[in-house]
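These notes concern the structure reproduced below.
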Amino acid sequence: MTIDDDDLCGLCGLPGADKFPHPEHWPGERLPNHPLVHADCENEETERAFHALSEEERNKFLALL
C-alpha cells in the first residue's frame, strides 16, 4: 500500500488533509509545508500561536491587518 502525497497534511504530515490553510497567520504560527491541512491541526496550531502572544502583541498584529 502506498500513501497518496496529494492529501498529506502540511502540519502533521499524515494523510487525510481536508482543507486549504487559511491565508493569514499569527506571528510564531508554524506554516504548513504542503498545500493542504487537517482542519483540526490548523485549529490547534492557530490556538497555540494565539496564546503564545501577549495581549499587546496580538493587538499590534491585528492593527496591521
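Just so you know, these numbers use all the heavy atoms, side chains as well, and skip hydrogens, waters and symmetry mates.
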Only one of D40, D18, V37 passes side-chain contact (heavy atoms from CB on, under 4.5 Å) with C9; say which it is.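 Checked D40, D18, V37 against C9; only one passes side-chain contact (heavy atoms from CB on, under 4.5 Å): V37.
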Can you tell me how far [atom2] of [Y] sits from [atom1] of [X], rounded to the nearest 0.5 angstrom?
X   : Y   : atom1 : atom2 : value
N43 : R48 : CG    : CZ    : 13.5 Å
E42 : E29 : CD    : CD    : 7.0 Å
H34 : D7  : NE2   : CG    : 8.5 Å
E45 : H25 : CD    : NE2   : 10.0 Å

Is any side-chain heavy atom of E44 closer than 4.5 Å to one of L11?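 No, too far: nothing below the 4.5 Å cut-off.
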SB check E55 R58 (cutoff 4.0 Å):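 No, this pair does not count.
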Sequence neighbours excluded, which residues qualify as side chain to side chain contact (heavy atoms under 4.5 Å, CB included) partners of [X]?
X   : value
E56 : S54, K60
P27 : L53, F61
F20 : L36

Main-chain N/O of P15 paired to H38 side chain as donor or acceptor, under 3.5 Å: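 Answer holds: yes.
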Does E57 have more than 12 heavy atoms from other residues, nucleotides or ligands lying within 6.0 Å of its CD?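 Above 12, so yes.
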